[in-house]
Amino acid sequence: MRRLLTICAAACLGAVCAAQDLHGPTSSTAGEEAAISTTGSGKATFYLLGPGVSRKSDISLGSEVHLQAQDLQNAGEYFAVLCSDTCRSSSFYVTAAKPASLTFLVHPSRVPVGQGDAVSGVAFPFDQFRNLVLTPATVNFQLMAGTASLSSRSAQTRDGIAWFRTASQKSAGTLQVDASLGDLSARRAVQQVASDPCNLRIKGERTKAGILVQTEPVRDCAGNPVPDGTIVTFTATEANGRSTVDAPIKQGVARAQLEAPGATVISVASGVAMGNELRIGAQP
Amino acid sequence: MKFTLPIILVAVTAGLMTLALFGPGHASGTVGIAAGSAVFSAKASTPEQGLNNLLSDVQRRNWDRAFSALSTTSAGNKQSFIQDWTGSDGSLRSFSSLEGFQARPLHATNDDAQMRVRLHWTTPVGPIEDVRDFHLIREGDTWKVAWPKMQISSVPAQVIPVTYLRWDLVSGNASDEWGSKNVDAPHVRIISMNAVDSAEGAVVMGEVVNEDTIPAFVNVNAALVDGSGAAIDDESSFDKIDHVLLPKQVTPYRIDFPNINLKNVKNVRMDVKATLVPASADPVIGVMNQKVVSDVQGKSILQGDLMNESGQTVNIPHVIASFYDNNGKVIWVSDGYVNHALLPQSGEPFAVEIPRSLANKVQSFHVVVNQYSLGRS
């Protein structure tokens, strides 16, 4: 008797389960409408769960559930759940729409000249709903100095990312970096600045107020003028003591007034770069 | 009968108070140190009492009585006397108070005496000790301080053209596209580091350079780690650093870890933080006539003169010096605030102390000047 009851219950349950089912799309595109078909008869409750979406509605079994475009704006995996006496579920994936914007990050914003692999850029294509477009696409990177094109290269996006690395140029100035994908483009600028001072040289003369000392135009090893405001340290050493002045470069030259009445050796440094020494006799 | 005891008590108390104020036991015959906030004596019958009277009035800012009690041989006027004690031009002294003093006689005759006084000041940058010598003269039966003529800096009216570079900072706003207005933080680097034990605890010091082409606000932090990898303590350089570094500028830094011994330390984790800030290359301050000498107390000091080569008053100059051994290694970093403002095109002396144990190891030094100017960040 017990065995008979068990068989009957299983048969009834199977009949109910077979009475409702749902079939969603295998995949969909963000921002596009979709439909989920249901089977069975009677009333049921429909749930849609996805990235940033949670929806509940009462439906009639056997009809199609219409998913509106605004329900499917976020790319990712969605779950459709249909509950009557029991629940059935199905999942489907919504992919990003076609690229609508290109986010472009370039690092660094400033770079010394002549540095290998110093500049890098990363491009991310996004659709109109700010979903990262994972479908491979070709991004063109173009490097320009002023209006002159320096180099150009293409990179295929992988997992939604395309990138490049390059060396900084030999000359100081603005490096423009363009990234384009179809009719989308973004432009960034990298400021290429002079490197450490090179061949730092000074000249000086004794005046009534002391010793006036100044550098020759301060340049890096590639000949680029070191930016104004860079600190140059002058040190005057004599038998009785030492005087130092941290003077900023102004119009390419740093100058300072030092107090040193005796025979003096003047040295110069900027950061960790040293310059020549100057020997000046005692005040007559 | 019931009033007898209260009357006796009042009389005895009054008598004791009178004795305390005017009795011979208070300051006469003081040989050694007179310290603290002294009680004013109506009549200065000793050099110590004369000096105590003056400094007590200075503490109370009772300038009329203080100035009237100076010797007739004193130079200078009342205004310069007050300015010497209260400072001017927004200098550190103008924000300071004389908290106490300790006087010690150097020599004395029947008619004059020389006293050395340690003046303890409370200031916005912490307690500061100042050592000053006073000359006292006996006039009649009263000892008075002979006030020397003070050199007060004054700058003639003039126009000083300033054409130094200035960096302003323009930042984007929230509506800007992601990545369109990124400006990297300045690139700074620790170029030397040394950890030593001192009498007060462990000290980590060294130098930092701004390798970038823009100004940087710099702070150095250090964490001491024990053998198990646990942090013992972490501290920052606080004011022992020149925070605003212009391009290629080098500053010393010192981080103090009070009451910690390096024998318990396995590792030191250093961290330098740099932020982009607006800055100006003005004022330029020269550091002239630097030399290591012994002061009147026998301590080794690095002294020199600050010279303001610009047209802006520097209210509170702050000197930071790094000292190197014969291998070029930083063995100590000292700092000191200058009491007087640095007026345009004028100078002020400075001195920073070198620990006695390191004085004979110092082969070289490097001085930078930090500056605080009112109304300017």
Side-chain angles (χ1 to χ4, degrees), chain A residues 101-112 121-124 126 172 186-191 193-197 210 218 226-251 254-261 269-273, chain B residues 162-167 177-189 191-192 207 209-215 242 245-251 276 279-293 302-307 309-310 321 345 347 364-369:
Chain A
S101 67
L102 191 63
T103 291
F104 188 29
L105 302 179
V106 174
H107 179 81
S109 60
R110 292 178 313 285
V111 63
V122 187
F124 306 86
F126 288 95
R187 172 174 289 184
R188 300 289 179 262
V190 175
Q191 192 184 1
V193 297
S195 194
D196 286 332
V218 184
V226 171
D228 277 6
T230 302
I231 292 295
V232 174
T233 301
F234 297 95
T235 304
T237 307
E238 56 179 340
N240 294 332
R242 172 192 297 185
S243 298
T244 56
V245 175
D246 282 353
I249 294 174
K250 202 161 53 172
Q251 295 179 328
R255 55 176 63 86
Q257 186 85 37
L258 293 157
E259 289 178 2
S270 182
V272 292
Chain B
V162 176
T163 55
Y164 287 113
L165 198 66
R166 177 179 164 76
W167 292 263
E177 187 190 346
W178 186 35
S180 65
K181 284 194 176 175
N182 287 349
V183 180
D184 294 323
H187 187 221
V188 301
R189 185 164 63 94
I191 53 176
S192 66
E207 289 178 311
V209 62
N210 177 5
E211 294 186 315
D212 217 315
T213 55
I214 54 172
D242 185 358
L245 283 187
L246 300 184
K248 303 290 184 287
Q249 195 170 15
V250 178
T251 176
L276 180 57
S280 170
D282 183 55
V284 173
I285 301 172
V287 188
M288 308 301 177
N289 309 317
Q290 307 163 43
K291 54 187 136 185
V292 176
V293 296
L302 170 65
Q303 70 174 28
D305 298 302
L306 303 182
M307 176 58 68
E309 298 187 351
S310 305
Q345 307 286 313
S364 183
F365 44 82
H366 173 226
V367 179
V368 298
V369 185

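We name chains A, B, ... by the order of the sequence lines, and we start the count at 1 in each one. The basis for the numbers below is simple: all heavy atoms, side chains too, and nothing from hydrogens, waters or symmetry mates.
Between the B/Thr213 side chain and the A/Val193 main chain, no donor and acceptor come within less than 3.5 Å of each other. In this structure a side-chain-to-backbone donor-acceptor pair under 3.5 Å is present from A/Arg110 to B/Asp184.
Of all non-hydrogen atoms in B/Pro247 and A/Gly229, the two that sit nearest each other are CD-O, 3.7 Å. Nearest heavy-atom pair across A/Leu258 and B/Met288 is CA-CE, 4.2 Å.
Only the side chain of B/Ile214 comes within less than 4.5 Å of a heavy atom of chain A; its backbone N, CA, C and O stay farther away. Both the backbone and the side chain of B/Gln249 come within contact range of chain A, each with at least one heavy atom under 4.5 Å from a heavy atom of that chain. With a 4.5 angstrom heavy-atom cutoff, A/Pro227 touches chain B only via side-chain atoms. For A/Gln257, the parts lying near chain B are the backbone and the side chain together; criterion is any non-hydrogen pair under 4.5 Å.
Ranked by non-hydrogen atom pairs under 4.5 Å with chain B, the options A/Gly271, A/Ser270, A/Pro112, A/Ala269 are led by A/Gly271. Contacts with chain B were tallied for A/Thr244, A/Val226, A/Asp246; A/Thr244 has the most, counting heavy-atom pairs under 4.5 Å.
Between B/Lys248 and A/Asp196, the closest side-chain pair of non-hydrogen atoms falls below 4.5 Å. A heavy-atom distance below 4.5 Å is not found between the side chains of A/Glu259 and B/Asp305.
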Starting from the C-alpha separation in whole Å, work towards a yes-or-no answer on side chain to side chain contact (heavy atoms under 4.5 Å, CB included) for A/Ser243 and B/Val287.
-> CA-CA 5 Å; A/Ser243 298; B/Val287 188; over 6 Å; no

Derivation and outcome, side chain to side chain contact (heavy atoms under 4.5 Å, CB included), residues B/Leu246 and A/Thr230 | CA-CA 7 Å; B/Leu246 300 184; A/Thr230 302; over 6 Å; no

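For the atom pair B/Asn289 CG and A/Glu238 CD, the distance stands at 7.0 Å (nearest 0.5 Å).
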